[in-house]
**Q** 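Right, I'll just put the structure down here and ask away after.
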Amino acid sequence: MGNRLSKIYTRTGDGGDTGIDAKRRCRKHDPRIHAFGDLDELNAALGVLLAELPQGPISGLLREAQQRLFDTGAELCVEELRATTPEHVAALEDAIDRHNRELPPLKEFILPGGGRAAAACHLARAVCRRAERSLWALQDAEGGLSPESLKYLNRLSDLLFVLARLLATTETEWRGTGRRHR
């Protein structure tokens, strides 16, 4: 394969539009571009989280998620492409179930934090939820998105919550407005 990005700047976006593929250009504030940006930010947040983790099963799981996010971006470019499969969604569900079994049951909501890795995981979860909202907004506006990619993002945010709990050195429960302080 040749060099995909031989020239980083092209100047073609200086007027406020950007290329999606070789055939289409759209405004930089278009919902599709928002979705791309949110997927990109999520991938970067996973990279920050990975920088806090040693090599192992969790880092492998997150690196696979990064690959899937690039696939989702490709699906936004090529209408007929369906790279995310039901098996990818099922793999996340299996990982959620496996890791959640290691955790004590939740009695209250927990506040994000619990150490650098856990906090990075909570942040990635919040960005994932935003990316999911962006893709649903695009789906509602234009249709045609992969149902599996939408499910995948939903499960990924669940996985990130479970992993944040797993990585936390401590968990702080939400006291709740109007509740007795514990």
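From a predicted model like this one, the values you see are computed outputs, not experimental measurements. Heavy atoms only: backbone and side chains are in, while hydrogens, waters and symmetry mates are out.
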**Q** Looking at Arg155 and Asp158, is any side-chain nitrogen of the basic one under 4.0 Å from a carboxylate oxygen of the acidic one?
**A** no

**Q** Any side-chain heavy atom of Tyr152 within less than 4.5 Å of one from Ser146?
**A** no

**Q** So, for Pro54 and Ser59, which heavy atoms are closest and what is the spacing to 0.1 Å?
**A** O-OG, 3.4 Å

**Q** To the closest 0.5 Å, what do you measure between CG (Asn154) and CD (Glu93)?
**A** 9.5 Å

**Q** So does Ser149 get a backbone contact from the side chain of Glu75, meaning a donor-acceptor N/O pair under 3.5 Å?
**A** no

**Q** Has the side chain of Thr170 got a donor or acceptor atom that lies under 3.5 Å from a matching backbone atom of Gly114?
**A** no

**Q** For Val162 and Asn100, which heavy atoms make the closest approach, and how far apart are they?
**A** CG1-N, 3.7 Å

**Q** If we only count heavy atoms from C-beta on, is the Gln67 to His88 side-chain gap below 4.5 Å?
**A** no

**Q** Identify the heavy atoms of Ala118 and Ala164 that sit nearest to each other, and give their distance.
**A** CB-O, 3.4 Å

**Q** Please check if the side chain of Arg32 supplies one atom and the backbone of Leu76 the other of a donor-acceptor pair under 3.5 Å.
**A** yes

**Q** Tell me, do Ile58 and Leu62 make a side-chain contact under 4.5 Å, heavy atoms counted?
**A** yes

**Q** Please assess Leu61 against His99 for the test side chain to side chain contact (heavy atoms under 4.5 Å, CB included), listing each intermediate value before the final yes or no.
**A** CA-CA 12 Å; Leu61 190 61; His99 290 296; 4.2 Å; yes

**Q** Evaluate side chain to side chain contact (heavy atoms under 4.5 Å, CB included) for Leu135 paired with Thr72, printing each intermediate quantity in order.
**A** CA-CA 10 Å; Leu135 264 70; Thr72 302; 3.8 Å; yes

**Q** Should Leu103 and Leu156 be regarded as members of a common hydrophobic cluster, given that ILVMFWY residues are connected when their side-chain heavy atoms come within less than 4.5 Å of each other, either directly or indirectly?
**A** yes

**Q** Identify the two heavy atoms, one from Leu150 and one from Glu132, that lie closest to each other, and give their separation to 0.1 Å.
**A** O-OE2, 4.3 Å

**Q** So, for Gln139 and Leu145, which heavy atoms are closest and what is the spacing to 0.1 Å?
**A** OE1-N, 2.9 Å

**Q** For the pair Glu148 (side chain) and Thr84 (backbone), establish whether a donor and an acceptor sit closer than 3.5 Å, ignoring hydrogens and angles.
**A** no

**Q** If you round to the nearest 0.5 Å, how far is CG of Asp40 from CZ of Phe70?
**A** 6.5 Å

**Q** Take a 6.0 Å sphere around CZ of Arg130 and say whether it holds more than 12 heavy atoms from other residues, nucleotides or ligands.
**A** yes

**Q** Is it possible for you to say whether Ile110 and Trp174 belong to one hydrophobic cluster, with membership spreading through side-chain heavy-atom contacts below 4.5 Å?
**A** no

**Q** Any heavy-atom pair between the side chains of Gln66 and Leu50 that's under 4.5 Å?
**A** yes

**Q** Would Leu138 and Phe36 count as a side chain to side chain contact (heavy atoms under 4.5 Å, CB included) if you check the C-alpha gap in whole Å, the side-chain angles of each, and the deciding distance to 0.1 Å?
**A** CA-CA 11 Å; Leu138 181 60; Phe36 277 124; over 6 Å; no

**Q** Between Glu171 and Arg165, is there a side-chain N and carboxylate O pair less than 4.0 Å apart?
**A** yes

**Q** Indicate the atoms forming the closest heavy-atom contact of Leu160 with Cys121, along with that distance.
**A** O-SG, 3.1 Å

**Q** Given side chains that start at C-beta, do those of Leu92 and Arg68 come closer than 4.5 Å, heavy atoms only?
**A** no

**Q** Any non-hydrogen side-chain atom of Leu163 less than 4.5 Å from a side-chain atom of Leu49?
**A** no

**Q** Are side-chain heavy atoms of Leu167 and Leu53 found at a separation under 4.5 Å?
**A** yes

**Q** Counting C-beta onward and ignoring hydrogens, is there a side-chain heavy-atom pair between Asp38 and Arg133 closer than 4.5 Å?
**A** no

